[in-house]
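Notes for the one structure printed next.
What you see below is based on every heavy atom in this structure, not just the backbone, and it leaves out hydrogens, waters and symmetry mates. For ligands, and for the atoms within them, numbers begin at 1 and follow the listed sequence.
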Amino acid sequence: MITKQPVLNVGMVGHIDHGKTTLLYQLSGKWTDTHSEELKRGITIKLGYADVVIRKCKECNSYTREKTCKCGGQSEEIEYISFVDVPGHEMLMATMLSGAAIIDAALLVIAANEPCPKPQTKEHLIALQAKGIKNIIIIQNKVDLVDKARAMKSYLEIKEFVKGTVAENAPIIPISARQGVNLDLIYEEITKIPLQKRDEKSEPIFFVARSFDINKPGTEIKDLSGGILGGILKEGTLEVGDEIEIKPGMSVKKHDKTTYTPLTTKIISLYSGSSNLDKAEPSGSLALQTELDPLLTKSDNLVGCVVGLKGKLPDVSYTLKLKTTLFKEILGAEKETAVTPIKVNEPILLSINTSISVGMVTKVKNNEVELALKIPLVAIKGSKVGMARNLVGHWRLIGWGEAL
Ligand code: GDP
Ligand code: ZN
């Protein structure tokens, strides 16, 4: 018996056009699931998650997502996982980082027919490193396009590129996403990733990564389905019927000033992949259907919020204190540029869990900085915070901090 909820969130990262979308489709068969009921399907698609049960053939021992293996043998269920489409090709580093808050492991897709590293390949690896994501599987894609000599050269380039990084000892799997070659090796490697111990006993903390309105235009009020929050339950458990609080909550703009009001509501239903749950434990992707007016949740309005039981969340704060670790150099920049020390009055883009804010530096002392925030945060002590600085119009990652 496998778990009812996915136990691992696997993100897909890498340079544009190297094959992430193609690979996600191949590994998950996403969009082909036409059997589940419409609401559930809608939720899964909007979340950008694709849940997959990895199976192993009882005859030839190869890994697959099919019940009947290519060899004709029957397969058995091994592990329930979730692929997360970390959004955007032209994405800001910050978006990438907030996506990285909800993943436990990553497939770093690198095309064999191009020299490595390309700028985004470099940036993404650094982002994974900054967020402390150590479980990385390197996918050397498009091997169908190269000869043996180039495949070897590409392998050596990758090896050189990851030297001294978190991915130094990561497995490198040559594949063709287009032709579906060696996908079994990816599944197998994923099953070897150690599962994080999750804390079910603490007060629940859920990070909102997506929020939306599932109703079709023109639905009658009495038939309206409440607002949906998608994201990840980091610790604790949530149950149908729980009274919850959402912070910082709803933003209201008035005369150039934005204020935030926490929201309280009740959980009506819980979805994980295609299953309905009464109670959710910390694990992969999760969606909460609430009693909120769907207007409040539509178009990712509540992304970056933190959900907890009513009255149990830490306070919202307009200031943040960090212990910082800066990189030596800015990565992903055209030419190598040293990271200069943080200065008072400089704006820093912050990514903490699934939220993003800009902070003005108010104080610097050794490796501690204090910031005044534009958008308030629920900063949970010890959270890892990505920090980016604006350089000629681009936010560039300069290091990370730990919330004090
Ligand atoms: P993404 O930007 O990383 O999501 O890349 P896509 O999945 O959109 O792929 C970019 C292009 O490369 C598309 O035209 C794909 O069909 C093609 N492609 C992806 N994987 C392979 C592969 O393994 N072999 C070949 N020949 N083409 C591929
Ligand atoms: Zn088989």
Got a sec: does the CG of Asp147 have more than 12 other heavy atoms crowding it under 6.0 Å?
-> yes
Give, for atom OG1 of Thr264 and atom CG of Leu309, the distance between the pair rounded to the nearest 0.5 Å.
-> 12.5 Å
Based purely on interatomic distance, does Lys142 place a nitrogen or oxygen under 3.5 Å from a nitrogen or oxygen of ligand 1?
-> yes
Answer yes or no: is there an ion pair linking Arg389 with Glu346, defined by an N-O contact shorter than 4.0 Å?
-> yes
Taking only non-hydrogen atoms of Leu145 and a 4.0 Å limit, the atoms of ligand 1 in range are 26 (N)
More than 12 heavy atoms of other residues, nucleotides or ligands under 6.0 Å from OH of Tyr155: is that the case?
-> no
For atom 20 (N) of ligand 1, state which one of Val143, Ile16, Asn141, Leu23 supplies the nearest heavy atom.
-> Asn141
Is it true that atom CD of Glu168 has more than 12 heavy atoms of other residues, nucleotides or ligands lying nearer than 6.0 Å?
-> yes
Are Arg65 and Glu77 ion-paired here, with the side-chain N under 4.0 Å from a carboxylate O?
-> no
Minimum non-hydrogen distance to atom 25 (C) of ligand 1, winning option of Asp144, Thr21, Leu24 = Asp144
Which atoms of ligand 1 are found less than 4.0 Å from any heavy atom of Asp17?
-> 1 (P), 2 (O), 3 (O), 5 (O), 10 (C), 12 (O)
Ligand-side contact atoms (ligand 1) for residue partner Thr22, heavy atom cut-off under 4.0 Å = 6 (P), 7 (O), 9 (O), 15 (C), 19 (C)
Answer yes or no: does atom NZ of Lys159 have more than 12 heavy-atom neighbours from other residues, nucleotides or ligands under 6.0 Å?
-> yes
Geometric N/O contact Gly19 with ligand 1, under 3.5 angstrom = yes
ang(SG Cys71, the Zn ion (ligand 2), SG Cys69) rounded to 10° is 110°
May I ask you to check if ligand 1 and Ala177 share an N or O to N or O distance below 3.5 Å?
-> yes
